[in-house]
Amino acid sequence: MNKKNTIKKTAAMLLGISFALGAAGCDFIVKDNAADLNQTVATVDITPTLKTNPDEKYSGKADEVKSILGKAKISKRDLVSYFMSVGYQYVQSYGYSYEATFNMLLDALVSREIMIQYAAAYYLAETNLATDYDTFVEGELKESDSDTKVQKKEKELLKKYSEILAYKYFLSEGGDTTKMEDYDRVVYNLKKSINDSLDTIEEGYINEEEEEHDHEEPRTLPTGAGTEKNDYYDKSGTYGVYTGRNTLDSCGAYQDDKLDGSTTTTRKKAYNTFLANLQSYNLLNTSGSTEDTSNVTTLEYYYVELSSMLGQALINKYFEDMEDKIADELSDEKTYLENKYQKAYENQERAYKNDSAAFETALGSVSDSSFVLYGLKDFGFVYNILVPFSAEQEVEYAEAKGLGLSEDALFNARKRILDNVRGKDLRGTWISEHEHANYYDKASGKFFQDYIGNSDKYEELDHYLGNYAFKGTVSGEGESFKVEAKDDLTIDDIVNDMEALISTNTDGRVTANTAVYPTEYNDTTYKVNGKVDYSKFIYRSGSLNFQTPVTNAEYFDETSDYYKAVSAVNEILFAYSTDPGSLNTYMGYAVSPYKTNFVPEFEYAAQKVVRDGVGSYVVCATDYGWHITFCTFKFAQDGDVYGGFKYDEILGETNTFSKMYYESLKATAIADQTNSIQGKVLNSYNNDDSVTRYKSRYKDLLNLD
């Protein structure tokens with residue numbers, strides 16, 4: 001939660017990655033016609049318009065932009081590459097024509113170049129650049145007697161792809177060439193993308209050589225598990241692309257991410273396949289001479305990729321600066337924010353006050369950026385942990401149903417089967433000797449330890465503690481490696497573990513109750529006035545008595561007992577529940593106090609725990625097995641859900657409702673205003689004075705339909 005959203009406004013490309021993987025398999029490419037692909041299909045130079053635009057405050061920087069960046073050329077290769085990575089999907093999945101798709105893609109590429117040039121004008125005008133550009137370039141290209149062969153080649157390529165140094169210059173912090181985080185991040189992401197491509201190819205060779213290298217389809221993972229943060233990069237500067245022609249030791253942090261089973265042979269095979277795919281699409285030998293392929297960073301392909309990614313990074317940096325300005329202005333507008341909340345609240349009140357169906361529909365989109373502000377009493381959310389019948393027990397129950405038994409006899413047959421239901425820790429598939437498939441920490445016996453707490457590299461997992469150790473054993477290495485999950489856990493074992501996990505991680509007191517669960521079902525034990533009393537299908541129940549009353553706003557606060565209790569139950573859910581609809585939901589199933597589509601036993605249980613409030617839970621029996629039903633959120637009364645918007649909380653460290661609501665408003669305001677900024681720029685510069693399209697050079701692509 002509360003992560004900065006970098007808005008990528010224009011086309012970002014990895015020109016060769018899609019080719020290298022053969023992702024699209026398009027047959028229309030003219031594979032042996034490099035001259036055709038090298039044709040320029042459009043040029044972009046906004047500086048004449050920039051210089052003469054009477055409304056442009058950066059007009060005085062037009063000559064500098066022209067001197068540094070020159071006229072941008074978009075090649076047919078760029079257009080086809082963009083189609084391979086993005087456009088192909090529009091034709092195959094969305095029904096676009098080739099003509100419409102290629103025109104759309106070329107417009108995006110043109111817009112991209114316009115925004116790059118405009119961003120350059122902005123930084124020249126608004127930033128006190130510490131170093132003169134020519135001095136910067138001279139320092140970057142200065143030759144030394146100590147230069148290695150690779151360094152000499154890299155400088156030669158930098159001269160050819162001179163825009164790379166221009167982008168690097170603008171990505172520095174105010175021209176301070178000792179502060180190159182944005183540039184270093186791009187280099188890391190490019191190398192990582194190439195390694196990822198090689199990994200994908202190599203995995204096929206590993207599987208060929210090691211037929212036993214196989215693991216089960218993994219248990220559904222918590223959303224975001226293993227996701228690197230947007231701004232992460234390897235700060236050591238040693239991260240390298242492993243090709244098999246170099247040593248793994250020379251690739252820095254990639255050693256930790258390498259494929260299990262990788263050998264020098266399989267990696268070389270992968271790299272050779274990668275190069276062959278590049279060659280087949282004329283992405284090697286672009287200068288017409290034989291290219292030394294021993295080092296990725298001296299391939300022209302690498303510099304084409306680097307240029308593309310740096311250009312996009314410059315656009316992103318410009319919009320991030322705009323975002324910061326907008327956010328600063330917004331955070332000072334107390335009255336504006338309070339009025340926005342009040343208006344949204346009043347709109348929801350009108351929509352939901354007398355329309356419970358509309359309110360129930362709105363609950364389906366609740367998240368930390370989409371809020372229901374006006375609530376209706378006794379609606380809420382529950383987690384459902386389903387511990388099901390085994391396959392054999394399902395057959396046994398189906399046979400009992402087919403016997404034409406009376407209602408109470410069938411309930412008793414189900415009860416006898418339920419007594420023998422056993423749960424299994426389903427997280428065994430998260431454990432592997434192969435690092436790319438392993439989420440288990442052997443020392444602690446727990447999962448996702450790299451993603452819990454303040455990790456520099458990985459995104460935090462929402463509503464997941466990482467404190468519930470694997471119920472089973474992990475032993476051996478190599479061919480003797482073995483994961484055995486416990487599969488004999490009773491429903492009491494699982495509920496006891498849930499209660500213990502809540503108690504251990506919160507200051508709340510768990511009060512557990514044994515329900516009046518009939519030893520035998522008959523008309524006197526489970527019916528009232530001839531109607532089924534579904535309270536008689538509750539096996540046990542309990543509640544979490546928080547030391548201080550909880551507020552709904554605390555659902556967002558990672559430091560609160562409320563958040564930790566929900567997180568503990570969510571962890572138990574991932575360990576045992578076979579209900580796929582309950583995994584990775586923000587609050588669980590929405591529950592209405594009126595008639596629902598749930599089976600009646602579960603409907604009763606869900607409505608009961610919502611009435612009882614957050615932290616209440618029951619274990620109930622249904623035709624599917626045992627359900628542990630836990631109330632995660634409750635609308636306690638008609639009206640205000642969160643106690644209003646509190647301006648003073650928006651800049652605090654705690655994730656209160658007010659802060660999360662502010663972040664949502666901010667994201668919307670940023671999107672609206674940055675779209676407006678981009679629209680104005682493109683309206684000013686996407687014209688015949690700044691852009692020239694050579695339609696005859698790509699006409700063949702438009703006629704593919």
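- Between Phe537 and Tyr521, the ring center distance clears the sub-6.0 Å criterion.
- Between Phe574 and Leu221 there is no side-chain heavy-atom pair separated by less than 4.5 Å.
- Contact annotation: the side chain of Phe319 never approaches that of Ile670 to less than 4.5 Å [non-hydrogen atoms, C-beta and beyond].
- Judged by distance alone, the side chains of Thr490 and Asp493 do bring a donor and an acceptor atom under 3.5 Å apart.
- Counting non-hydrogen atoms of neighbouring residues, nucleotides and ligands closer than 6.0 angstrom, the OH atom of Tyr624 reaches no more than 12 such neighbours.
- The shortest side-chain heavy-atom distance between Val610 and Phe379 does not fall under the 4.5 Å cut-off.
- Glu603 and Tyr534 share no side-chain donor-acceptor pair at under 3.5 Å.
- Under 3.5 Å, the side chains of Tyr468 and Asp497 contain a donor-acceptor pair of N or O atoms.
- Ring centroids of Tyr642 and Phe657 are separated by less than 6.0 Å, placing the two rings close together.
- Side-chain contact between Phe389 and Leu418 is present, with heavy atoms from C-beta onward closer than 4.5 Å.
- Using a 30° and 60° split on the angle between ring planes, Phe602 and Tyr589 fall in the perpendicular class, above 60°.
- In this view, Ser560 and Glu554, Asp557, Tyr562, Tyr563 satisfy the side chain to side chain contact (heavy atoms under 4.5 Å, CB included) rule, not counting sequence neighbours.
- Aromatic ring pairs are classed by plane angle as parallel below 30°, tilted from 30° to 60° and perpendicular above 60°; the pair His463 and Tyr586 is perpendicular.
- More than 12 heavy atoms of other shown residues, nucleotides or ligands fall within 6.0 angstrom of atom OH in Tyr188.
- Under the 6.0 Å cut-off for aromatic ring centres, Phe371 and Tyr661 qualify, their centroids lying closer than that.
- Applying the 6.0 Å contact sphere to NZ of Lys317 captures more than 12 heavy atoms from other residues, nucleotides or ligands.
- Side-chain contact check for Val566 versus Tyr383: some heavy-atom pair is nearer than 4.5 Å.
- Ring pair Phe447/Tyr464: centre-to-centre distance not below 6.0 Å.
- The only member of Glu338, Lys340, Glu346 that meets side-chain hydrogen bond (donor to acceptor under 3.5 Å, both in side chains) when paired with Gln342 is Glu346.
- Under 3.5 Å, the side chains of Ser577 and Asp579 contain no donor-acceptor pair of N or O atoms.
- Two rings, from Trp430 and Phe448, have their centers less than 6.0 Å apart.
- Between Glu407 and Tyr526, the side chains place a donor N or O and an acceptor N or O closer than 3.5 Å (distance only, hydrogens not considered).
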